[in-house]
Amino acid sequence: MKQKLALASWVIAVILSVVALLLPPTGVIDHSVIILVAQFLLLCATFLGVDSYVNMIKSHMNEKKS
């Protein structure tokens with residue numbers, strides 16, 4: 001589920017970037033669009049990063065028990 005949300009966030013960020021570049025004035029991205037894209041990319045990184053971090057800690061704890 002997290003991977004699907006991360007992928008969806010990344011796709012939305014890319015689509016927003018492309019659309020913002022194509023709308024008039026062409027090639028100029030408003031600061032609000034940049035902030036929105038950054039938030040979607042941060043959300044994507046959060047879903048992927050937290051999952052990896054939790055898995056790393058679980059494996060480290062299992063190694064200590066052994």
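For this chain, numbers begin at 1 and follow the sequence in order. We use all heavy atoms of the structure for the numbers below, so side chains are in, but hydrogens, waters and symmetry mates are not.
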Notebook entry, point to check: Could you state the interatomic distance from CG (L5) to SG (C44), rounded to the nearest 0.5 Å?
Noted result: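 The distance works out to 10.0 Å.
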Next item on the list: To the nearest 0.5 angstrom, please state how far the CZ atom of F47 sits from the NZ atom of K4.
Entry: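 Rounded to the nearest 0.5 Å, the CZ-NZ separation comes to 13.5 Å.
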Margin query: Quick check: closest heavy atoms across L36 and L16, and the distance to 0.1 Å?
Written below: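 The pair with the smallest heavy-atom distance is CD2-CD1, 3.5 Å.
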Checklist line | Heavy-atom pair with the smallest gap, counting every atom of L43 and S9 | finding: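 Scanning both residues completely, I find the closest heavy atoms to be CD2-OG, 3.3 Å.
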Next item on the list: Applying side chain to side chain contact (heavy atoms under 4.5 Å, CB included), run through L23 and V19 and close with a yes or a no.
Entry: CA-CA 6 Å; L23 290 175; V19 169; 3.9 Å; yes
Next item on the list: Find out if a path of hydrophobic residues (ILVMFWY) with successive side-chain heavy-atom gaps under 4.5 Å connects L42 to I34.
Entry: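 Each belongs to a different hydrophobic cluster.
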Notebook entry, point to check: Side chains of L41 and V37: does their closest heavy-atom pair fall under 4.5 Å?
Noted result: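 With C-beta onward as the side chain, the pair touches.
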